[in-house]
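Have a look at the structure below before the remarks.
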Number of protein chains: 2
Amino acid sequence: MKKTQRRNRPTLQDIAREAGVSAATVSYVLNGTGSVSAAVQKRVRDTAKAVGYRVNHVARATRTGQTLSIGLILPDLSNPFFPELAQAVQSAAREAGYAVFLVDSEGTVETERDSADDLIRRGVEGIVWCPATEHDSLEEFRGDVPIVVVDRPLPNYDTISSDHYAGGALVADQVLALGHSHIAIVAGPQSLSRARQRRQGFVERIGDRAVIDWEVENPFTITLSDATQAKLRDNAATVIVCGNDFIALGVMRALHELGRNIPEDVSVIGFDDILWARHSIPGLATVRQPLTALGKEASALLIRRIMGDEAPVVNMSLATDVIVRGSLHAAN
Amino acid sequence: MKKTQRRNRPTLQDIAREAGVSAATVSYVLNGTGSVSAAVQKRVRDTAKAVGYRVNHVARATRTGQTLSIGLILPDLSNPFFPELAQAVQSAAREAGYAVFLVDSEGTVETERDSADDLIRRGVEGIVWCPATEHDSLEEFRGDVPIVVVDRPLPNYDTISSDHYAGGALVADQVLALGHSHIAIVAGPQSLSRARQRRQGFVERIGDRAVIDWEVENPFTITLSDATQAKLRDNAATVIVCGNDFIALGVMRALHELGRNIPEDVSVIGFDDILWARHSIPGLATVRQPLTALGKEASALLIRRIMGDEAPVVNMSLATDVIVRGSLHAAN
DNA sequence: CAGAAAGACTTAAACGTTTAAACTTTTTAC
DNA sequence: GTAAAAAGTTTAAACGTTTAAGTCTTTCTG
């Protein structure tokens with residue numbers, strides 16, 4: 001299929017001709033570089049406006065080598081965790097004059113790799129990346145362009161993530177403060193570092209100040225494994241600490257079906273504060289990840305790197321907050 | 001701050017020099033255009049691989065005028081409706097070789113306008129746009145680049161949206177089939193065309209086959225207005241038809257607090273099938289919008305336009321499906 | 001075996017900017 | 001009133017590609 005010619009946009013040359021000056025002068029005026037007399041400035045600006053001039057960013061980029069764009073590679077937009085992150089990255093980038101190419105890697109390392117390759121061809125000056133797996137699929141690009149990893153620490157990369165360990169400890173503090181002494185844990189997959197850290201932060205803070213009645217591992221989904229469901233049936237703990245909000249909501253649902261009352265019979269607490277945590281019945285107590293700050297910091301750090309900041313690899317972790325809601329009650 | 005020089009990437013010239021041919025030949029080889037002897041082809045390809053050549057897409061774009069990129073402007077990524085749409089647009093675009101600039105307009109027409117302006121400077125070949133308001137804030141750009149509006153019909157634009165009217169009618173069919181004769185409506189804001197259409201599709205299909213006990217308007221949020229809550233307190237209808245899932249979930253919560261059982265005492269049905277509809281207790285019956293199809297079609301149509309398809313303005317609406325879940329029951 | 005056609009490759013222009021360097025005019029300094 | 005400095009403007013090269021046109025060589029065709 002042949003592409004039809006759109007209205008050819010006016011160029012610097014067009015303005016130059018119209019205003020009776022050279023293209024260079026027009027460029028100097030429009031960019032505020034160089035010194036140009038007031039009269040010519042006005043003439044140029046007026047004709048630029050008159051013809052509806054818009055700079056051709058692509059042409060500029062070939063000359064300057066700066067595209068003022070970055071890439072954002074996420075594993076799965078339909079996971080409610082990521083849109084807020086994407087929003088923050090995009091808005092911080094925009095404020096710095098950068099545009100964002102969005103890629104949903106669909107959770108595969110191949111797509112991650114191919115997309116990064118494509119993005120670099122397109123001249124992005126940096127990439128914010130949330131890896132789909134623990135595999136370093138962008139290794140080969142590290143020399144080409146700065147890459148900031150977000151949410152999931154990966155060795156050798158600048159990383160911005162929530163302090164999952166401290167978050168777990170916060171949950172422990174809260175649970176202890178409410179007088180719970182019999183605790184159950186439905187942890188996330190311990191193959192994932194964030195799940196491990198959350199659990200560890202919790203368990204270590206609990207120490208011997210309470211008993212962990214039982215513990216089980218469950219995928220980060222609202223659907224519970226048979227093992228988890230079995231544990232719930234026999235549960236005698238007064239609080240169930242979950243690896244994330246999906247699990248927690250699944251647990252709440254299961255408990256509901258088992259006829260247990262939340263929080264009278266048993267408390268539940270999650271992790272992430274996804275949108276629906278506040279809307280469940282009762283509201284789900286949880287740990288809020290600073291998603292917006294995460295995105296902002298990732299953008300900011302990436303742009304510092306782009307600007308040439310050569311500091312050693314940064315590993316930034318951001319504090320989390322416990323959000324107390326109806327699902328969490330004092331032990332009786 | 002001074003930008004440090006990243007490793008200068010090898011260019012066509014570098015390969016040409018290395019392989020002892022002209023840059024043109026290298027281009028011909030790598031693009032598969034032109035005719036080049038097998039020997040030279042191999043030599044060129046080998047050196048290209050050896051030096052780790054990647055085409056400079058920006059330079060190519062200045063010459064060809066094609067950036068192979070599109071823009072996607074959405075009002076609010078944190079609304080769970082949009083990520084799935086974004087995902088579909090991006091993935092369809094990628095399959096066609098296009099990359100996607102994502103912009104969250106934060107619901108303001110100024111950001112919409114400014115972003116579109118910026119995107120066009122950046123040479124996007126088209127824009128998929130979900131308008132934040134009913135205001136045509138991109139009017140001035142219509143001549144510059146094809147624009148496809150998604151989800152919210154706007155005159156003079158190619159539009160892809162769900163068939164809200166038909167969806168409303170489907171709800172009516174379902175409700176009638178289950179024998180309900182006393183109906184309540186919590187419609188969305190009737191200033192919004194999609195809310196209007198849903199309501200109208202429903203009401204017209206109901207006709208005189210059932211009574212509409214009461215009706216109220218509520219914002220598209222889970223928080224219910226005082227008026228809505230008052231109506232719910234006195235409700236005697238056997239089914240409550242809601243303008244979207246947020247409203248429906250709010251209604252379910254309110255009914256729960258009023259001690260009404262769903263669906264034994266009263267059924268509830270929503271619209272959109274957001275992620276949480278299936279996870280509420282009971283599951284929320286609703287109408288599924290084909291978000292993925294919506295995004296795919298939008299991408300596809302936009303790319304057709306980019307390719308020069310000059311057909312008159314298209315107004316495509318996609319069929320919806322009723323999803324029956326626990327919140328909807330036969331009338332007793 | 002001559003002429004034409006095809007094949008292989010190079011040259012050079014073009015895309016729309018930016019920017020260093022050159023040139024011209026005006027201002028400043030003494 | 002002249003030399004030097006500053007201000008204003010133009011020229012031309014450069015960014016890394018693509019591609020039309022040109023050149024040279026080989027292969028066909030009759």
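Residue numbers begin at 1 in each chain, while the letters A, B, ... track the order of the sequences.
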Exercise for the section: Determine whether B/Leu30 and B/Val26 make a side-chain contact, defined as any pair of heavy atoms from C-beta on separated by less than 4.5 Å. Expected result: yes
Problem - Sequence-distant partners of B/Phe81, ring-ring contact (aromatic ring centres under 6.0 Å, His included), two or more places apart - result: none
Problem - Atom-to-atom span, NE2 of B/His57 to C1' of C/dC15 - whole angstrom - result: 15 Å
Problem - Pair of N/O donor and acceptor under 3.5 Å linking D/dG8 base with A/Thr25 side chain - result: no
Practice task
Output yes when a side-chain donor or acceptor of A/Thr64 lies under 3.5 Å from a complementary backbone atom of A/Gln66, and no otherwise.
Solution key: yes
Fill in the blank from the handout: Overall bend of the helix from C/dC1-D/dG30 to C/dC30-D/dG1 (five pairs an end, 10° steps) is 30°
Completion exercise
Between CD of B/Gln66 and C1' of C/dG16 the distance, given in whole Å, is 16 Å
Completion exercise
To the nearest angstrom, the CD-C1' distance between B/Gln13 and C/dT10 comes to 12 Å
Exercise for the section: Ignoring hydrogens and angles, state whether a donor on the side chain of A/Asp136 or A/Tyr157 is under 3.5 Å from an acceptor on the partner side chain. Expected result: yes
Completion exercise
From CZ of A/Arg9 across to C1' of C/dT17 the rounded distance in Å is 13 Å
Exercise for the section: Describe the nucleic acid contact of A/Val21 in one word from base, sugar-phosphate, nothing, applying a heavy-atom distance below 4.0 Å. Expected result: sugar-phosphate
Handout entry: Earlier contact from the 5' end, DNA chain C, for B/Ala59 and B/Ala24
Key = B/Ala24
Problem - Contact residues, residues 27-37 of chain A to DNA chain C [heavy atom, < 4.0 Å] - result: A/Ser27, A/Tyr28, A/Asn31
Exercise for the section: For B/Asn156 and B/Glu139, test the side chains for any donor-to-acceptor distance below 3.5 angstrom and give the result as yes or no. Expected result: no
Practice task
Taking only Lys NZ, Arg NE, NH1 and NH2, and the carboxylate oxygens of Asp or Glu, determine whether B/Glu134 and B/Arg152 approach each other closer than 4.0 Å.
Solution key: no
Handout entry: CG-CG distance between B/Asp151 and B/Leu318, expressed to the nearest 0.5 angstrom
Key = 11.0 Å
Practice task
Please tell me which of the listed nucleotides, D/dG16, D/dT10, C/dT17, lies nearest to the side chain of B/Asn56?
Solution key: D/dG16
Handout entry: Pair B/Thr159, B/Ser161: side-chain N/O donor-acceptor within cut-off below 3.5 Å
Key = no
Exercise for the section: Give a yes or no on whether a donor-acceptor pair under 3.5 Å exists between the nucleobase atoms of D/dT17, that is its base, and the side chain of B/Arg63. Expected result: no
Practice task
Check the side chains of A/Glu112 and A/Ser137 for a donor-acceptor pair under 3.5 angstrom, ignoring hydrogens and angles.
Solution key: yes
Exercise for the section: Using a strict 4.0 Å threshold on nitrogen-to-oxygen distance, state whether A/Asp144 and B/Arg54 make a salt bridge. Expected result: yes
Handout entry: By ring-ring contact (aromatic ring centres under 6.0 Å, His included) - contacts of A/Phe101 (at least two apart)
Key = B/Phe101
Exercise for the section: Take A/Arg304 and A/Glu297 through the test salt bridge (Lys or Arg N to Asp or Glu O under 4.0 Å) and record every step on the way to the result. Expected result: CA-CA 10 Å; A/Arg304 281 207 305 280; A/Glu297 288 297 335; 5.2 Å; no
Problem - N/O (side chain, A/Tyr53) to phosphate O (OP1/OP2, C/dT17) under 4.0 Å - result: yes
Handout entry: Nucleic acid contacts of residues 38-48 of chain A, taken as heavy-atom distances under 4.0 Å to DNA chain C
Key = none
Practice task
Specify the separation, in whole Å, of atom CZ of B/Arg60 and atom P of D/dT19.
Solution key: 9 Å
Practice task
Say whether, by atom type as modelled, one donor and one acceptor occur between the side chain of A/Arg305 and the main chain of A/Ala311 under 3.5 angstrom.
Solution key: yes
What pairs of nitrogen or oxygen atoms, one from the protein and one from nucleotides 24-28 of chain D, lie under 3.5 Å apart?
none

Exercise for the section: Determine whether the side chains of A/Thr33 and A/Asn31 contain a donor N or O and an acceptor N or O closer than 3.5 Å. Expected result: no
Exercise for the section: Tell me what A/Thr64 touches on the nucleic acid: a base, only sugar-phosphate, or nothing, going by heavy atoms under 4.0 Å. Expected result: sugar-phosphate
Problem - Short side-chain N/O contact from A/Ser22 to OP1 or OP2 of D/dT10, under 4.0 Å - result: yes
Problem - Nearest-Å distance for atom pair CG/P, residues A/Leu12 and D/dA12 - result: 18 Å
